[in-house]
Asker: 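Please read through the structure below; I'll follow up with questions.
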Amino acid sequence: MKIATKISEVRAQVREWKMQGLTVGLVPTMGYLHEGHASLVRKSVSMCDRTVASVFVNPTQFGPNEDLDTYPRDFDHDCALLEKEGCDMVFHPDPSEMYPEGFCTYVENLSDMPKTLCGKTRPIHFRGVCTVVSKLFHIVTPDKAFFGQKDAQQLAIVRRMVADLSFGIEIVGCPIVREEDGLAKSSRNTYLSPEERKAALVLSKAVFLGQKMIREGQKDADAIVAAQRELIMKEPLARIDYVSAVDGSTLEPVKEVKKDVLFAMAVYIGKTRLIDNFSVEA
């Protein structure tokens with residue numbers, strides 16, 4: 001597996017692959033990889049001839065009081081996981097490589113999509129996401145890019161950006177990977193104390209409750225959200241940021257349960273903010 005730290009290295013290698021007629025997949029990550037990331041790499045390897053993963057903690061998507069400095073990092077572990085899963089190249093740039101001195105151009109969705117859900121409390125987050133992802137798309141020029149459904153708002157906004165800016169890249173959304181007890185895998189789970197780790201299960205319990213209500217025929221999205229909120233509020237260590245039902249493509253609020261409705265939540269467990277969701281499949 002090749003490790004590239006410079007944009008020029010990535011472009012040279014991808015150019016060589018494409019001259020051979022090979023397809024390229026991209027898995028953008030912020031590192032501290034777990035089984036959720038591994039599933040994205042496996043999907044790319046299964047669908048593309050070559051796979052590039054980026055490992056870059058992107059400073060432009062962190063607000064001033066967020067966890068940029070303390071965000072977990074373990075590049076050696078990341079490389080071992082990526083190589084095991086068949087990744088062909090990892091792009092691990094310094095922030096100065098991605099944002100050189102004088103950098104002042106950003107990519108921003110000006111609809112309400114970045115202002116809802118996580119965007120209510122993280123106002124600059126998705127501008128940073130769109131900027132770094134668009135840069136990665138220009139650097140790697142992939143045929144397909146792979147994103148986890150756990151970050152459902154990010155996935156919807158990236159899809160919108162790709163359509164609006166005519167990137168010509170297929171965006172592949174991949175299912176949430178969970179621990180055996182149901183907790184969605186996340187790099188931020190490492191912040192949790194043993195007591196908080198148990199309390200964090202309230203998110204997946206709320207997800208499973210919503211799915212059960214839909215299986216039993218509930219069509220009122222507000223009723224499902226209310227039941228999820230009631231369940232979460234019973235956990236003393238939990239503090240709700242939001243629990244919402246929205247259209248999975250536009251992120252606009254919905255009242256009726258139907259295909260592609262997204263039930264999403266963000267909950268603080270102690271000081272750690274966790275997210276989870278599910279989409280209605282039929």
Asker: Locate the shortest heavy-atom distance separating Phe62 from Leu68; write the atom from each residue and the value.
Answerer: CD2-N, 3.4 Å

Asker: With heavy-atom distances below 4.5 Å as the criterion, would you say the side chains of Met1 and Cys79 are in contact?
Answerer: yes

Asker: To the nearest 0.5 Å, what is the distance between OG (Ser244) and CD (Glu252)?
Answerer: 13.5 Å

Asker: Pairing donors with acceptors under 3.5 angstrom, does anything connect the side chains of Asp88 and Thr51?
Answerer: no

Asker: Roughly how far apart are Met265 CE and Asp241 CG, rounded to 0.5 Å?
Answerer: 12.0 Å

Asker: Could you grab the distance from atom CE of Met30 to atom CD of Gln61, nearest 0.5 Å is fine?
Answerer: 4.5 Å

Asker: side-chain contact (heavy atoms from CB on, under 4.5 Å), that's the test. Do Arg273 and Thr121 meet it? Break it down for me.
Answerer: CA-CA 11 Å; Arg273 185 178 182 276; Thr121 53; 3.8 Å; yes

Asker: With sequence neighbours left out, what residues match Lys255 under side-chain hydrogen bond (donor to acceptor under 3.5 Å, both in side chains)?
Answerer: Asp222

Asker: Restricting to non-hydrogen atoms, name the atom on Asn189 and the atom on Ala184 that form the minimum distance, rounded to 0.1 Å.
Answerer: ND2-O, 3.1 Å

Asker: Looking at Lys150, is its backbone amide N or carbonyl O close enough to the side chain of Asn277 to form a donor-acceptor pair, meaning the two atoms are under 3.5 Å apart?
Answerer: yes

Asker: Report the residues that fulfil salt bridge (Lys or Arg N to Asp or Glu O under 4.0 Å) with Glu196, sequence neighbours left out, ordered by chain and then residue number.
Answerer: none

Asker: Do Leu26 and Val45 land in one hydrophobic cluster if side-chain heavy atoms of ILVMFWY residues count as linked below 4.5 Å?
Answerer: no

Asker: When you look at Val90 and Glu83, which way does the side-chain contact (heavy atoms from CB on, under 4.5 Å) test go after all the steps?
Answerer: CA-CA 9 Å; Val90 56; Glu83 191 157 28; over 6 Å; no

Asker: With a cut-off of 6.0 Å (strictly less than), are more than 12 heavy atoms of other residues, nucleotides or ligands near NZ of Lys185?
Answerer: yes

Asker: Which heavy atom of Pro114 sits nearest a heavy atom of Asn109, and at what distance?
Answerer: CG-O, 3.2 Å

Asker: Using a 6.0 Å cut-off, check whether atom CD of Glu195 has over 12 heavy atoms from anything other than its own residue.
Answerer: no

Asker: Is any side-chain heavy atom of Val129 less than 4.5 Å from a side-chain heavy atom of Asp151?
Answerer: no

Asker: Could you grab the distance from atom NZ of Lys120 to atom NZ of Lys115, nearest 0.5 Å is fine?
Answerer: 12.5 Å

Asker: Can Glu35 and Arg42 be counted as an ion pair, charged N to O under 4.0 angstrom?
Answerer: yes

Asker: Can you get from Phe56 to Val140 by hopping between Ile, Leu, Val, Met, Phe, Trp and Tyr side chains that sit under 4.5 Å apart?
Answerer: yes

Asker: Within the supplied structure, the quantity of interest is the number of heavy atoms (other residues, nucleotides, ligands) at a distance under 6.0 Å from Gln20 CD; does it exceed 12?
Answerer: yes

Asker: Are the side chain of Asp143 and the backbone of Cys48 linked by a donor-acceptor contact shorter than 3.5 Å?
Answerer: no

Asker: Which atoms form the tightest heavy-atom contact between Leu81 and His34, and what is the distance?
Answerer: CD1-O, 4.0 Å

Asker: To the nearest 0.5 angstrom, please state how far the CZ atom of Arg50 sits from the CD atom of Glu16.
Answerer: 9.5 Å

Asker: Carefully, step by step, assess Ser96 and Asp94 under the rule side chain to side chain donor-acceptor pair (under 3.5 Å).
Answerer: CA-CA 5 Å; Ser96 60; Asp94 286 333; 4.8 Å; no

Asker: In the single-linkage hydrophobic clustering (I, L, V, M, F, W, Y; side-chain heavy atoms under 4.5 Å), do Leu231 and Ile269 co-cluster?
Answerer: yes

Asker: Distance-only, no hydrogens or angles: does the Glu85 side chain make a donor-acceptor pair with backbone N or O of His37 under 3.5 Å?
Answerer: no

Asker: Side chains of Ile7 and Glu97: closer than 4.5 Å at any heavy-atom pair?
Answerer: yes

Asker: Hey, quick one: are Leu274 and Phe208 part of the same hydrophobic cluster, counting side-chain heavy atoms closer than 4.5 Å, chains of contacts allowed?
Answerer: yes

Asker: Is there any ring pair (Phe, Tyr, Trp, His ring centres under 6.0 Å) pair reaching into residues 114-142, and which pairs are they, with sequence neighbours excluded?
Answerer: Phe137-Phe167, His138-Phe167

Asker: Taking atom NZ of Lys43 as the centre, does the number of heavy atoms from other residues, nucleotides or ligands within less than 6.0 Å exceed 12?
Answerer: no

Asker: Side-chain contact test, heavy atoms from C-beta onward, threshold under 4.5 Å: evaluate it for Leu262 versus Ser279 and give yes or no.
Answerer: yes

Asker: Is there side-chain contact between Val52 and Ser54, with heavy atoms separated by less than 4.5 Å?
Answerer: no

Asker: With the side chain counted from C-beta on, respond yes when Val257 and Phe263 share a heavy-atom pair under 4.5 Å apart, and no when they do not.
Answerer: yes

Asker: With sequence neighbours excluded, tell me which residues meet side chain to side chain contact (heavy atoms under 4.5 Å, CB included) with Phe103.
Answerer: Tyr99, Pro100, Tyr106, Thr131, Lys135

Asker: Within the distance-only criterion (no hydrogens, no angle test), does the side chain of Glu108 pair as donor or acceptor with the backbone N or O of Leu110 below 3.5 angstrom?
Answerer: no

Asker: Measuring from Phe147:CZ to Ile171:CD1, what's the distance to the nearest 0.5 Å?
Answerer: 5.0 Å

Asker: Please identify each residue that fulfils side-chain hydrogen bond (donor to acceptor under 3.5 Å, both in side chains) with Gln154, with sequence neighbours left out.
Answerer: none

Asker: With a 4.5 Å cut-off on side-chain heavy atoms, are Ser204 and Asp276 touching?
Answerer: yes

Asker: Would you check if Leu82 and Val55 make a side-chain contact, meaning some heavy-atom pair closer than 4.5 Å?
Answerer: yes

Asker: Does Glu235 pair with Lys205 as a salt bridge, N-O distance under 4.0 Å?
Answerer: no

Asker: Hey, is the main chain of Tyr32 close enough, under 3.5 Å, to the side chain of Asp74 for a donor-acceptor pair?
Answerer: no

Asker: Same cluster for Tyr268 and Val207 if Ile/Leu/Val/Met/Phe/Trp/Tyr side chains link at under 4.5 Å?
Answerer: no

Asker: Quick one: list whatever passes ring-ring contact (aromatic ring centres under 6.0 Å, His included) with Phe75, sequence neighbours left out.
Answerer: His92

Asker: Minimum heavy-atom separation for Gly210 and Gln228, please, with both atom names.
Answerer: CA-NE2, 4.1 Å

Asker: Using a 3.5 Å distance criterion without hydrogens, assess whether the side chain of Gln13 forms a donor-acceptor pair with backbone atoms of Met89.
Answerer: no

Asker: Take Asp67 and Arg188 through the test side-chain contact (heavy atoms from CB on, under 4.5 Å) and record every step on the way to the result.
Answerer: CA-CA 10 Å; Asp67 57 343; Arg188 289 188 168 96; 3.1 Å; yes

Asker: For residues Ile169 and Ala145, report the shortest heavy-atom separation together with the two atoms involved.
Answerer: CG2-N, 3.9 Å

Asker: Please test Leu155 against Gln149 for side-chain contact (heavy atoms from CB on, under 4.5 Å), starting from the C-alpha separation and ending with a verdict.
Answerer: CA-CA 7 Å; Leu155 178 58; Gln149 179 64 33; 3.2 Å; yes

